[in-house]
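One structure is given here, and the rest of the page talks about it.
What you see is a predicted model; the values in this text were computed from it and never measured.
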Amino acid sequence: MVVLALLAGAGWLAKPLWQPWWYAATLCGGSLSGGELAGLLPAEQLRASEDTFGSGRTRLTCGVDESDGRHFVLDVEAEIDTGAPLGPLGMEFTVPRDVQDVYPTSVPGFYGKFGPVIVQECPELGRDSEGRKQRLVTKVYTHGVESDASPESLRTAVRIANTADAETGCGAGPLPLPERVEPPRELSPGRAKGTMCGWLAGQNLPKSPSGKAWKVLAPTAPDASITRCALVDSGTGEAALHLSGWYGDWAEEPFERLLSANVEIPEDLSPHDALLGPDFGRARARCAGEPASFLATSYTRNNDGPALPMSQVRHLLGAFTADQAERRDCTGVELPGPKVHPDGD
């Protein structure tokens with residue numbers, strides 16, 4: 001610490017090289033790594049932004065701005081989300097989109113619009129006054145530095161999530177620091193039995209588009225707020241089917257926004273319903289007292305129709321939903337009918 005203070009006093013302002021280590025020692029509760037920040041910050045004169053870590057607030061923020069103080073280069077946020085429409089998770093889905101860039105099972109989250117998003121349930125906080133689960137949502141945004149997941153941003157997000165977990169009393173428990181951003185392993189259906197996508201091993205799977213063997217991607221933990229399974233055609237390397245479960249009040253509006261953008265919904269139905277579109281399917285349930293939606297998408301690379309017939313997509317969506325319902329204490333399961341909307345069979 002003495003050496004760091006001497007560096008600060010002797011000219012760190014004139015040497016951007018020292019800035020990452022200075023910010024790591026002074027911002028965000030001192031939980032960051034100078035080496036990781038060095039990979040996230042540009043080599044130019046910077047300044048610290050507002051830091052609320054250690055303040056007792058429910059929304060914790062810190063970061064680094066450009067020298068003029070008007071634009072950020074690193075923005076860190078950690079906040080308790082109760083499922084409100086304008087909460088941190090809802091704001092992540094203001095543009096209709098699916099989530100396919102999920103992290104490995106040790107990190108409950110995904111790569112969001114601007115960087116890592118970690119979502120953890122808070123058992124020590126219980127439910128809010130309206131009976132909704134409370135979740136700790138941690139985000140790390142970088143500006144103009146990275147456009148895809150990196151070890152530096154992911155490890156930074158995990159460090160912040162662990163600090164915020166302790167400060168907010170969430171009770172999620174510490175996450176391990178990942179060494180790298182690993183893509184999910186491709187497993188044969190038989191070898192996927194020990195994962196949350198093990199139900200695929202017992203299915204009569206359709207023929208893949210190439211005629212080659214199927215591989216299974218099972219990247220998420222069974223209790224994640226967004227779960228995912230995928231079937232990959234080993235002949236093309238392309239995922240022919242993505243299946244995901246979205247849990248909690250926070251997902252209601254983003255999911256309906258996604259449905260409205262992808263399906264031409266007839267007058268007798270609404271974005272709240274279970275239905276099939278041309279390459280998109282949705283089922284519903286209530287799981288542990290919360291709304292849940294189950295999504296199936298089957299796109300070709302050229303988006304010229306589904307990679308699998310929608311009758312097969314519907315069957316696999318039903319099997320995925322049944323497995324998730326058994327795992328997550330779900331009731332009131334609603335599956336789409338056989339009709340593909342806006343028209344077709």
Side-chain angles (χ1 to χ4, degrees), residues 56-61 77-94 97-99 102-103 105-110 112 116-140 157-158 160-175 196 219-229 243-259 271-272 274 282-295 320-334:
R57 300 184 193 178
T58 57
R59 182 172 184 268
L60 304 174
T61 64
E77 302 174 8
E79 185 176 359
I80 300 298
D81 191 326
T82 60
L86 297 179
L89 272 174
M91 293 300 291
E92 188 68 25
F93 293 92
T94 53
R97 67 186 184 93
D98 189 8
V99 177
V102 292
Y103 289 118
T105 54
S106 64
V107 180
F110 55 93
V117 180
I118 296 177
V119 187
Q120 300 167 278
E121 292 192 3
C122 296
E124 293 299 318
L125 298 183
R127 300 188 181 232
D128 71 357
S129 59
E130 298 183 27
R132 300 177 298 196
K133 285 186 178 181
Q134 300 190 72
R135 294 174 170 87
L136 175 63
V137 179
T138 302
K139 300 181 182 183
V140 172
V158 168
I160 291 295
N162 288 342
T163 299
D165 176 38
E167 188 164 332
T168 60
C170 168
L175 296 171
M196 65 151 286
T220 54
D223 58 353
S225 293
I226 299 176
T227 57
R228 176 165 292 278
C229 294
L243 296 155
S244 60
W246 302 40
Y247 298 91
D249 292 85
W250 70 268
E252 286 286 87
E253 287 193 16
F255 200 94
E256 288 158 15
R257 195 177 294 125
L258 177 68
L259 196 68
H272 300 277
R282 187 259 187 103
R284 302 181 66 220
R286 288 194 68 82
C287 304
E290 293 188 299
S293 290
F294 305 98
L295 170 67
F320 173 69
T321 301
D323 179 80
Q324 293 283 280
E326 183 176 353
R327 291 174 182 270
R328 312 271 304 224
D329 188 26
C330 302
T331 59
V333 173
E334 299 175 26

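- No side-chain heavy atom of Phe320 sits under 4.5 Å from any side-chain heavy atom of Leu295.
- For the pair Ala78 and Ile160, the tightest heavy-atom approach, listed with the atom from each and the gap, is CB-CG2, 4.3 Å.
- For Glu252 and Arg132, the salt-bridge test fails: no basic side-chain N is under 4.0 Å from an acidic carboxylate O.
- Side-chain atoms of Asp165 come within 3.5 Å of backbone N or O of Gly171 as a donor-acceptor pair.
- Shown here are the ring-ring contact (aromatic ring centres under 6.0 Å, His included) partners of Phe110, two or more places apart in sequence or in another chain: Phe93.
- The shortest distance between side-chain heavy atoms of Phe255 and Arg282 falls below 4.5 Å.
- Between the OG atom in Ser293 and the CD1 atom in Ile226 there is a gap of 11.0 Å [rounded to 0.5 Å].
- To the nearest 0.5 Å, the span separating NZ on Lys133 from CG on Asp249 amounts to 11.0 Å.
- Separating the CZ atom in Phe294 from the CD atom in Glu334 is a distance of 11.0 Å, to the nearest 0.5 Å.
- Taking CG from Leu136 and CD1 from Ile80, the interatomic distance works out to 4.5 Å, rounded to the nearest 0.5 Å.
- Side-chain contact between Pro108 and Leu175 is present, with heavy atoms from C-beta onward closer than 4.5 Å.
- Within the 4.5 Å cutoff, no side-chain heavy atoms of Val117 are placed close to those of Val99.
- Residue pairs meeting the salt bridge (charged side-chain N to carboxylate O under 4.0 Å, His left out) criterion with at least one member in residues 81-90, sequence neighbours excluded, do not occur.
- Rounding to the nearest 0.5 angstrom, the gap separating the OG1 atom in Thr82 from the CG atom in Asp128 is 5.0 Å.
- The two residues Thr105 and Ala221 make their nearest non-hydrogen contact at CG2-N, 3.6 Å.
- Between the CZ atom in Arg135 and the OG atom in Ser225 there is a gap of 4.0 Å [rounded to 0.5 Å].
- Using a 4.5 Å heavy-atom cutoff, the side chains of Pro222 and Thr227 are not in contact.
- Between Thr220 and Arg228, the closest heavy-atom pair is OG1-N, 2.9 Å.
- Side-chain contact check for Thr168 versus Leu60: some heavy-atom pair is nearer than 4.5 Å.
- Judged by distance alone, the side chain of Gln134 and the main-chain N or O of Leu125 form a donor-acceptor pair under 3.5 Å.
- Under 4.0 Å is where a charged nitrogen must lie from a carboxylate oxygen, and between Glu79 and Arg59 at least one such pair does.
- Looking at Lys139, its side chain does come within 3.5 Å of a backbone N or O of Pro88 through a donor-acceptor pair.
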Query raised in the report: Would Arg328 and Glu290 satisfy side-chain contact (heavy atoms from CB on, under 4.5 Å), going step by step from the backbone distance to the final call?
Result: CA-CA 10 Å; Arg328 312 271 304 224; Glu290 293 188 299; over 6 Å; no

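- Here the side chains of Leu258 and Trp246 are in contact, with some heavy-atom distance below 4.5 Å.
- In summary, Arg57 and Glu167 do not engage in a salt bridge, as defined by a charged side-chain N under 4.0 Å from a carboxylate O.
- When all heavy atoms of Cys229 and Met196 are compared, the closest pair comes out as SG-CE, 3.8 Å.
- When all heavy atoms of Ala274 and Ala283 are compared, the closest pair comes out as CB-CA, 4.0 Å.
- For the side-chain contact (heavy atoms from CB on, under 4.5 Å) test, residues two or more places apart in sequence or in another chain that qualify with Ala157 are Pro116, Ile118, Val140.
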